Student: 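Before anything else, here's the structure in question.
All figures in this text were calculated on a predicted structure; none of them were measured in a lab. Read the numbers this way: they start at 1 and go in the same order the structure lists the ligands and their atoms.
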Amino acid sequence: MSPDNTSPALSPKRVSIALGERSYDIVIGSALLDQPSSWTGLPDAADALIVTNTTVGPLYASRLAARLDAHHRRVLQVELPDGEAHKDWQHLNRIFDRLLEAGCDRKTVLYALGGGVVGDMTGFAAACYMRGVPFVQVPTTLLAQVDSSVGGKTAINHPAGKNMVGAFHQPARVICDLDLLDTLPPREVSAGLAEVIKYGPIADPTFLGWIEAHIDALRAGDKPALAHAVQRSCEIKAWVVGQDEREGGLRAILNFGHTFGHAIEAGLGYGAWLHGEAVGCGMVLAADLSARLGMVDAGLVGRLARLVEHAGLPIRAPRMPPERWLQLMRVDKKAEGGEIRFVLIDGLGRAAVRAAPDALVREVIATHSAAA
Ligand code: NAD
Ligand code: GLY
């Protein structure tokens with residue numbers, strides 16, 4: 001970790017997400033958990049429920065509860081087991097059980113304290129409990145601060161597929177306290193960086209250059225660098241979601257690298273590679289496919305591969321038969337009528353969703369797969 005980790009608190013920045021009556025702020029800074037101003041102006045309610053997991057709860061839940069005591073008559077807590085494997089009905093029900101056994105009413109505010117798994121589950125519980133209650137995102141991973149806590153996608157997994165059961169439900173606020181990232185394992189930091197990198201090629205070449213220049217600082221946990229990365233990522237996501245909340249079209253660009261990435265995750269079995277690792281490698285393949293289709297300069301492929309590798313992420317795809325890749329990519333949510341659709345770079349800083357000939361996709365897979 002760099003010396004900057006111990007630098008004085010950064011003044012908080014706010015990014016607004018404009019969705020009419022569902023608009024809200026993303027607050028980004030250090031020491032936010034303990035600052036009273038982070039928590040003022042949120043929905044007033046007698047009861048609050050902190051949803052967290054067995055890793056994050058012992059680290060931060062008592063500090064959050066101490067803050068919330070000033071705003072709610074009761075601050076309850078439920079601690080779920082850690083891991084994607086528990087993002088299911090059974091564990092979602094644990095949230096409802098806790099709310100109902102405590103007699104929580106329809107104004108109760110849920111607080112998601114954790115990474116994307118806790119955030120997605122808490123958001124879905126909030127969308128459903130008594131037909132909808134407010135919730136606040138307190139993301140504790142880099143991936144959650146730059147992506148999953150923002151934009152209102154909530155879900156649990158089904159044995160047939162990831163995030164297959166869910167709802168759009170926007171949080172009342174997102175509080176990105178950068179200090180919470182101090183305890184994040186380096187592998188999770190790298191996974192989060194994949195989702196930071198993706199915003200460059202799809203929306204902002206200047207940001208891509210900035211990430212290249214600051215990748216070591218980001219990996220080392222440098223707070224000013226993290227603050228800028230989270231802020232710019234959230235600004236771009238807010239811009240996209242503000243135009244296309246329910247993914248009628250544009251929002252799909254946020255899935256750059258995800259079609260190849262989901263095939264890696266599903267093909268190897270969930271958990272073998274982290275989501276961010278698969279997305280990092282997937283972006284290299286998607287950039288190459290874009291180049292082969294003549295949509296972007298071939299130089300982007302090597303440039304992106306160097307950055308992804310520098311972020312601590314794999315750039316060689318696992319060996320799987322090409323037919324298996326194609327089969328897995330056909331169950332992607334963007335597929336239409338069995339046709340795989342990729343997010344491709346259409347000139348650096350712009351993305352488009354397109355189909356591609358299978359032969360070209362096979363070439364890309366062969367080029368980037370690990371040697372036997
Ligand atoms: P995660 O929630 O599993 O967290 C990763 C690991 O880090 C876990 O073991 C967790 O307990 C631990 N952890 C979290 N915060 C910590 C901290 N501060 N200190 C120490 N350990 C900590 O994974 P993730 O990468 O945050 O999120 C992945 C999930 O997000 C997936 O389920 C994915 O589907 C979802 N997702 C959702 C969206 C969306 O728009 N809703 C977008 C991207 C990803
Ligand atoms: N993470 C992609 C989205 O929110 O649409």
Student: Looking only at heavy atoms, is any part of Val241 under 4.0 Å from ligand 2, and if so is it the side chain, the backbone, or both, or is it neither?
Tutor: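 It is neither; nothing of Val241 touches ligand 2.
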
Student: Should His258 be listed as contacting ligand 1, given a heavy-atom distance under 4.0 Å as the test?
Tutor: no

Student: Out of Lys237, Glu265, Glu195, Lys162, whose heavy atom is nearest to atom 33 (C) of ligand 1?
Tutor: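 The residue whose heavy atom sits nearest atom 33 (C) of ligand 1 is Lys162.
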
Student: Taking atom 4 (O) of ligand 1 as the point of reference, which of Thr52, Asn255, Thr141 owns the nearest heavy atom?
Tutor: Thr141

Student: Can you check whether Lys153 has an N/O within less than 3.5 Å of an N/O in ligand 2?
Tutor: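 Yes, Lys153 has an N/O under 3.5 Å of an N/O on ligand 2.
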
Student: What atoms of ligand 2 come within less than 4.0 Å of a heavy atom belonging to Leu254?
Tutor: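 Within the 4.0 Å cut-off of Leu254, ligand 2 contributes 2 (C), 3 (C), 5 (O).
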
Student: Can you pull out the closest protein heavy atom to atom 1 (N) of ligand 2? Residue, atom name and distance to 0.1 Å, please.
Tutor: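 Checked against all protein heavy atoms, atom 1 (N) of ligand 2 sits closest to Asp147 OD1, 3.0 Å.
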
Student: For residues 345-355, run the donor-acceptor check on the side chains, cut-off 3.5 Å, and write out each pair with its distance to 0.1 Å, sequence neighbours left out.
Tutor:
{"unit_1": "Arg350", "atom_1": "NE", "unit_2": "Asp346", "atom_2": "O", "d": "3.2"}
{"unit_1": "Arg350", "atom_1": "NH2", "unit_2": "Asp346", "atom_2": "O", "d": "3.1"}

Student: Parallel under 30°, tilted from 30 to 60°, perpendicular over 60°: which one fits the rings of Trp325 and Phe260?
Tutor: perpendicular

Student: Lys237 near ligand 2, heavy-atom distance under 4.0 Å?
Tutor: yes

Student: Can you check whether a protein heavy atom sits less than 4.0 angstrom from atom 29 (C) of ligand 1?
Tutor: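 Given the 4.0 Å limit, the answer for atom 29 (C) of ligand 1 is yes, a protein heavy atom qualifies.
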
Student: Could you tell me if Gln327 and Arg330 have a donor-acceptor pair between their side chains, going purely by distance under 3.5 Å?
Tutor: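 No, because no side-chain N or O of Arg330 sits under 3.5 Å from a partner of the opposite role on Gln327.
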
Student: Under the rule for ring pair (Phe, Tyr, Trp, His ring centres under 6.0 Å), what residues qualify as partners of His214, not counting sequence neighbours?
Tutor: Trp210

Student: Should Asn255 be counted as touching ligand 2, given the test is an N or O pair under 3.5 Å?
Tutor: no

